[in-house]
Engineer: 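Below: one structure in structure tokens.
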Amino acid sequence: MAKTIYVDNAATTAMSDTAINAMTPYLKEVYGNPSSLHTVGQVAKEHLDEARAKIAKLLNCEPREIYFTSGGSESDNQAIRSAAVNGAKKGKKHIITTAFEHHAVLHTLKKLEKEGFEVTYLNVHPDGLITAKEVEKAIRSDTALVTVMFANNEVGTILPIAEIGAVCREKGVIFHTDAVQAVGHVPVDVKAQNIDMLSLSAHKFHGPKGVGAVYCRKQIPLLTFVEGGAQERGRRAGTENLGGIAAMAAALEEACANMTKNSEKEKRLRDRLIDGLLKVPHSKLNGDRKQRLPNNVNICFEGIEGESLLLLLDAKGICASSGSACTSGSLDPSHVLLALGLPHEVAHGSLRLSLSEYNTEDEIDTILKEVPRVVEYLRGISPVWESLEKGEKPHLI
Ligand SMILES: *Cc1c(COP(=O)(O)O)cnc(C)c1O
């Protein structure tokens with residue numbers, strides 16, 4: 001079988017050698033518990049402090065504003081719940097978000113709605129963006145939190161975070177951003193971008209799975225999320241995942257040091273894919289072409305099912321993703337594509353290719369050869385496509 005072409009880096013990335021090398025000492029030599037008072041423990045504590053300082057510097061905040069977690073989902077849960085609970089103490093029970101957030105955000109908010117909070121879901125424009133003005137208009141005197149993702153994981157659009165942050169700061173509303181797709185990929189600076197709380201996850205930038213962090217500006221109270229010991233300044237109990245944390249710090253340092261170089265390469269590969277795949281008739285790029293992550297391609301092909309496309313590409317060694325929630329066993333198209341206003345029929349035929357700096361021009365050549373072939377094959381056996389071609393139904397794209 002042909003070599004695997006992995007273009008699903010928005011789902012997870014392979015660990016870099018740098019991250020692996022940073023992690024291995026903790027599997028053997030540096031095994032101490034950072035809470036222990038003896039030398040072995042104190043050495044571990046020093047390593048933990050170093051990793052925290054490294055990550056803080058890369059985000060432009062103080063080490064004590066970084067709290068380690070098990071990943072993006074936990075960070076989102078903790079940040080949003082904290083802001084909600086603290087808001088409620090002041091009688092503020094309104095939250096603003098967008099309709100196309102990650103489920104870690106949306107499901108937390110759904111739960112808060114059941115607990116008596118009111119949530120405004122801002123509509124996303126067809127280009128996958130919202131404006132700071134729209135956020136400003138939605139802010140009320142009882143708004144406790146605005147949570148808007150930095151970059152969307154499906155359509156790759158980069159939101160105007162600094163502007164939204166400025167609006168929130170001016171109105172005195174806490175601003176959280178799920179920056180899981182952005183950190184390590186595009187410049188993130190919590191001070192310059194007026195961010196109060198931010199979620200990140202190591203496995204989206206060549207670090208290990210199961211480790212992440214939440215940044216919480218020091219003036220803002222963070223709720224204790226796991227009860228127990230005094231780790232993470234009392235906000236999250238449990239012996240630290242030191243190997244994971246050190247690997248995350250190393251991976252982030254490497255990603256930030258190489259950001260310009262990596263994103264130039266990814267943009268070149270991305271743009272070849274977009275230009276090449278849009279030559280397929282009745283196809284459409286989802287998400288703004290310019291305000292876009294360097295590694296994201298998301299295209300709809302009319303008249304086919306994304307799942308079938310994925311399975312046939314997988315058989316050819318190409319690992320991609322579709323917008324549809326096929327893994328959950330549901331046949332509903334992605335809430336993200338629907339939020340962009342795509343009709344169900346069109347949203348079903350989506351393909352997401354998310355790159356990393358490890359992808360090559362040769363791999364792009366293969367994808368550009370195989371995808372149009374598979375789309376043509378699937379259209380050939382699709383009753384939907386047949387009725388579109390016969391003119392029984394109008395083409396939507
Ligand atoms: C992957 C992802 C998450 C979840 O992160 P985990 O570390 O897998 O829990 C949250 N938000 C976005 C935007 C993501 O892409």
Engineer: Do you know the tightest heavy-atom contact between Pro25 and Ala22?
Structural biologist: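 Residues Pro25 and Ala22, closest heavy atoms: CD-O, 3.5 Å.
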
Engineer: Hey, are the side chains of Val371 and Val280 touching, using non-hydrogen atoms and a 4.5 Å cut-off?
Structural biologist: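 Heavy-atom side-chain distance check fails, nothing below 4.5 Å.
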
Engineer: Hydrophobic clusters join Ile, Leu, Val, Met, Phe, Trp and Tyr when side-chain heavy atoms are under 4.5 Å apart, directly or via other members; which others share one with Leu388?
Structural biologist: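 Taking Ile, Leu, Val, Met, Phe, Trp and Tyr as members, Leu388 shares its hydrophobic cluster with Val384, Trp385.
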
Engineer: Mark yes or no for whether Ser387, through its side chain, and Lys393, through its backbone, hold a donor-acceptor pair below 3.5 Å.
Structural biologist: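 It does not hold such a pair.
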
Engineer: Can a donor-acceptor pair be found between the side chains of Asp288 and Thr157 at a distance below 3.5 Å?
Structural biologist: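 Checked: Asp288/Thr157 side chains show no N/O donor-acceptor pair below 3.5 Å.
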
Engineer: With sequence neighbours excluded, tell me which residues meet salt bridge (charged side-chain N to carboxylate O under 4.0 Å, His left out) with Lys54.
Structural biologist: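 Here the qualifying residues are Glu253.
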
Engineer: Please answer: with hydrophobic residues joined when any side-chain heavy atoms are less than 4.5 Å apart, are Ile130 and Val336 in the same cluster?
Structural biologist: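 Linked, Ile130 and Val336 end up in one cluster.
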
Engineer: Is any side-chain N of the basic residue among Asp142 and Lys90 closer than 4.0 Å to the acidic one's carboxylate O?
Structural biologist: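 No, this pair does not count.
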
Engineer: List, by chain and then residue number, the residues other than Ile20 in its hydrophobic cluster (Ile/Leu/Val/Met/Phe/Trp/Tyr, side-chain heavy atoms under 4.5 Å); write none if there are no others.
Structural biologist: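 For the cluster that includes Ile20, the remaining residues are Met15, Met23.
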
Engineer: Below 4.5 Å, heavy atoms only, C-beta onward: do Leu129 and Thr131 meet side chain to side chain?
Structural biologist: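 Contact flag for Leu129/Thr131 side chains = no.
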
Engineer: With no hydrogens and no angle check, is any side-chain donor or acceptor of Thr177 less than 3.5 Å from a backbone partner on Leu198?
Structural biologist: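 No, Thr177 side chain to Leu198 backbone: no donor-acceptor pair under 3.5 Å.
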
Engineer: Taking all non-hydrogen atoms of both residues into account, name the closest pair between Asn286 and Ile299 and its distance.
Structural biologist: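 Distance-wise, the nearest heavy atoms are ND2-C, 4.0 Å.
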
Engineer: Take atom NZ in Lys57; do more than 12 heavy atoms of anything else shown fall under 6.0 Å from it?
Structural biologist: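 No.
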
Engineer: Does Asn194 reach the side chain of Cys168, with side-chain heavy atoms less than 4.5 Å apart?
Structural biologist: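 Asn194 vs Cys168: side chains apart.
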
Engineer: Counting only N and O atoms by type, is there a donor-acceptor contact under 3.5 Å from the side chain of Glu232 to the main-chain atoms of Phe68?
Structural biologist: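 Yes: the side chain of Glu232 pairs with the backbone of Phe68.
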
Engineer: In terms of hydrophobic clusters joined by side-chain contacts under 4.5 Å, are Leu313 and Leu311 together?
Structural biologist: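 Per the 4.5 Å side-chain linkage, Leu313 and Leu311 are not co-clustered.
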
Engineer: Can you see which heavy atom on Ser334 is nearest to which on Glu154, and at what distance?
Structural biologist: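 The pair with the smallest heavy-atom distance is OG-OE1, 2.7 Å.
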
Engineer: Checking Glu363 side chain against Thr360 main chain: does a donor-acceptor pair fall under 3.5 Å?
Structural biologist: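 Judged by distance alone, yes, a pair lies under 3.5 Å.
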
Engineer: Look at the side chain of Glu65 and the backbone N and O of Tyr215, then say whether any donor-acceptor pair between them is shorter than 3.5 Å.
Structural biologist: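 Judged by distance alone, no pair lies under 3.5 Å.
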
Engineer: Only one of Lys93, Arg81, Lys110 clears salt bridge (Lys or Arg N to Asp or Glu O under 4.0 Å) with Glu115; which?
Structural biologist: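 Running salt bridge (Lys or Arg N to Asp or Glu O under 4.0 Å) over Lys93, Arg81, Lys110 with Glu115 returns exactly one hit, Arg81.
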
Engineer: Which pair of heavy atoms, one from Leu269 and one from Asn359, lies closest together, and at what distance?
Structural biologist: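 Shortest heavy-atom contact: CD1-O, 3.6 Å.
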
Engineer: Roughly how far, to the nearest 0.5 Å, is NE2 of His348 from CG of Leu309?
Structural biologist: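 Atom-to-atom, Leu309:CG and His348:NE2 are 14.0 Å apart.
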
Engineer: If you apply the rule side chain to side chain contact (heavy atoms under 4.5 Å, CB included), what do you find for Ile139 with Val167, and how did you get there?
Structural biologist: CA-CA 9 Å; Ile139 292 177; Val167 161; 3.8 Å; yes

Engineer: Is Val40 linked to Leu37 within one hydrophobic cluster, defined over Ile, Leu, Val, Met, Phe, Trp and Tyr using a side-chain heavy-atom separation of less than 4.5 Å?
Structural biologist: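 They do not share one cluster, since no chain of ILVMFWY contacts under 4.5 Å joins Val40 to Leu37.
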
Engineer: Should the heavy atoms of other residues, nucleotides or ligands under 6.0 Å from NZ of Lys267 be counted, would the total exceed 12?
Structural biologist: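 No, the 6.0 Å shell around NZ holds no more than 12 heavy atoms from other groups.
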
Engineer: Would you call the rings of His395 and His282 parallel, tilted or perpendicular if under 30° counts as parallel and over 60° as perpendicular?
Structural biologist: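 His395 vs His282 ring planes: parallel.
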
Engineer: Are any non-hydrogen side-chain atoms of Asp8 and Ser354 less than 4.5 angstrom apart?
Structural biologist: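 Heavy-atom side-chain distance check passes, below 4.5 Å.
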
Engineer: Is any NZ, NE, NH1 or NH2 atom of the basic residue among Arg292 and Asp127 found under 4.0 Å from an Asp or Glu carboxylate oxygen of the other?
Structural biologist: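 Result for this pair is no, no salt bridge flagged.
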
Engineer: Looking only at side chains, do Thr98 and Glu101 share a donor and an acceptor under 3.5 Å apart?
Structural biologist: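 The answer is yes; a qualifying pair exists.
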
Engineer: Thinking salt bridges, do Glu361 and Arg268 make one under a 4.0 Å N-O criterion?
Structural biologist: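 Salt bridge present between Glu361 and Arg268.
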
Engineer: Please check if the side chain of His335 supplies one atom and the backbone of His103 the other of a donor-acceptor pair under 3.5 Å.
Structural biologist: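 No, His335 side chain to His103 backbone: no donor-acceptor pair under 3.5 Å.
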
Engineer: Is there any salt bridge (Lys or Arg N to Asp or Glu O under 4.0 Å) pair reaching into residues 377-389, and which pairs are they, with sequence neighbours excluded?
Structural biologist: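 Every pair satisfying salt bridge (Lys or Arg N to Asp or Glu O under 4.0 Å) with a residue in residues 377-389: Glu386-Lys390.
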
Engineer: Step by step, work out the side chain to side chain contact (heavy atoms under 4.5 Å, CB included) result for Cys61 and Ile66.
Structural biologist: CA-CA 8 Å; Cys61 66; Ile66 296 292; 3.7 Å; yes

Engineer: Between Glu118 and Arg140, does any NZ, NE, NH1 or NH2 come within less than 4.0 Å of an OD or OE carboxylate oxygen?
Structural biologist: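 Here Arg140 pairs with Glu118 in a salt bridge, since their nearest N and O are under 4.0 Å apart.
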
Engineer: For Ala99 and Ala339, work out which heavy atoms get closest and say how close.
Structural biologist: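 For Ala99 versus Ala339, the nearest heavy atoms are CB-CB, 4.0 Å.
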
Engineer: Would you indicate whether the side-chain heavy atoms of Asn77 and Phe225 approach each other to under 4.5 Å?
Structural biologist: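 Of all side-chain heavy-atom pairs linking Asn77 with Phe225, at least one is under 4.5 Å.
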
Engineer: So that I can tick it off, tell me whether Asp49 and Lys45 are bridged by a salt bridge, with the cut-off set at under 4.0 angstrom between side-chain N and carboxylate O.
Structural biologist: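 The answer is yes: the pair qualifies as a salt bridge.
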
Engineer: Between Glu74 and Ser70, is there a donor-acceptor pair closer than 3.5 Å when you use the side chain of the first and the backbone of the second?
Structural biologist: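 Yes: the side chain of Glu74 pairs with the backbone of Ser70.
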
Engineer: Under a 4.0 Å threshold between the charged nitrogen and the carboxylate oxygen, would Arg373 count as salt-bridged to Glu376?
Structural biologist: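 Result for this pair is no, no salt bridge flagged.
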
Engineer: Between Arg272 and Asp365, does the side chain to side chain contact (heavy atoms under 4.5 Å, CB included) criterion hold? Intermediate values first, please.
Structural biologist: CA-CA 9 Å; Arg272 277 192 64 206; Asp365 291 339; 2.4 Å; yes

Engineer: Are Leu368 and Tyr6 linked, directly or through intermediate hydrophobic residues, by side-chain heavy-atom contacts shorter than 4.5 Å (ILVMFWY only)?
Structural biologist: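 No, Tyr6 does not connect to Leu368 through the hydrophobic network.
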
Engineer: Could you tell me if the side chain of Leu159 sits less than 4.5 Å from the side chain of Gln291, heavy atoms only?
Structural biologist: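 Sidechains of Leu159 and Gln291: no contact.
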
Engineer: Closer than 3.5 angstrom, by distance alone: can the side chain of Ser73 be matched with the main-chain N or O of Ala104 as a donor-acceptor pair?
Structural biologist: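 The answer is no, because no donor-acceptor pair under 3.5 Å joins these two groups.
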
Engineer: Closest approach of Cys300 and Ala347, non-hydrogen atoms and distance?
Structural biologist: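 Minimum heavy-atom separation between Cys300 and Ala347: SG-CA, 4.3 Å.
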
Engineer: Measuring from atom CG of Leu353 to atom SG of Cys319, what distance do you get when rounded to the nearest 0.5 angstrom?
Structural biologist: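 Nearest 0.5 Å value for the CG-SG distance: 11.0 Å.
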
Engineer: Heavy-atom count around Tyr31 OH within 6.0 Å, excluding the residue itself: above 12?
Structural biologist: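 No, OH of Tyr31 has 12 or fewer neighbouring heavy atoms, counting only those of other groups under 6.0 Å.
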
Engineer: Establish, from distance only, whether the side-chain atoms of His206 and Glu254 form a donor-acceptor pair under 3.5 Å.
Structural biologist: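 No, no side-chain donor-acceptor contact under 3.5 Å.
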
Engineer: Counting N and O atoms only, with roles assigned by atom type, does the side chain of Arg64 sit under 3.5 Å from a partner on the main chain of Glu62, one being a donor and the other an acceptor?
Structural biologist: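 No: the side chain of Arg64 does not pair with the backbone of Glu62.
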
Engineer: With rounding to the nearest 0.5 angstrom, report the CD to CD1 distance, Gln193 to Ile161.
Structural biologist: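 Going from CD on Gln193 over to CD1 on Ile161, the span is 8.0 Å.
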
Engineer: Check the pair Ser199 / His176 against side chain to side chain contact (heavy atoms under 4.5 Å, CB included), numbers first and verdict last.
Structural biologist: CA-CA 8 Å; Ser199 306; His176 165 256; 2.8 Å; yes

Engineer: May I ask you to test the Phe205-His185 pair for a side-chain heavy-atom distance under 4.5 Å?
Structural biologist: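 Phe205 vs His185: side chains touch.
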
Engineer: Could I get the full list of side-chain contact (heavy atoms from CB on, under 4.5 Å) partners for Pro187, not counting sequence neighbours?
Structural biologist: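 Met259.
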
Engineer: Has the side chain of Gln231 got a donor or acceptor atom that lies under 3.5 Å from a matching backbone atom of Arg236?
Structural biologist: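 No; zero donor-acceptor contacts below 3.5 Å.
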
Engineer: Can you tell me how far the SG atom of Cys256 sits from the CG atom of Asn262, to the nearest 0.5 Å?
Structural biologist: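 So the SG of Cys256 and the CG of Asn262 are separated by 10.5 Å.
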
Engineer: Using a 6.0 Å cut-off, check whether atom NZ of Lys191 has over 12 heavy atoms from anything other than its own residue.
Structural biologist: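 Atom NZ in Lys191 is crowded, with more than 12 foreign heavy atoms closer than 6.0 Å.
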
Engineer: Is there a path of hydrophobic side-chain contacts, each under 4.5 Å between heavy atoms, that joins Val375 and Ile364?
Structural biologist: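 Yes, Val375 and Ile364 fall within the same hydrophobic cluster.
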
Engineer: Starting from Tyr67, walk the hydrophobic network (Ile, Leu, Val, Met, Phe, Trp, Tyr; side-chain heavy atoms closer than 4.5 Å) and list everyone else you reach, by chain and number.
Structural biologist: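 Traced through the cluster, Tyr67 reaches Ile80, Ile95, Val105, Leu106, Leu109, Leu112, Phe117, Val119, Tyr121, Leu145, Ile174, Met197, Val214, Ile220, Leu222.
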
Engineer: Looking at side-chain heavy atoms only, is the closest gap between Leu252 and Ile55 below 4.5 Å?
Structural biologist: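 With C-beta onward as the side chain, the pair touches.
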
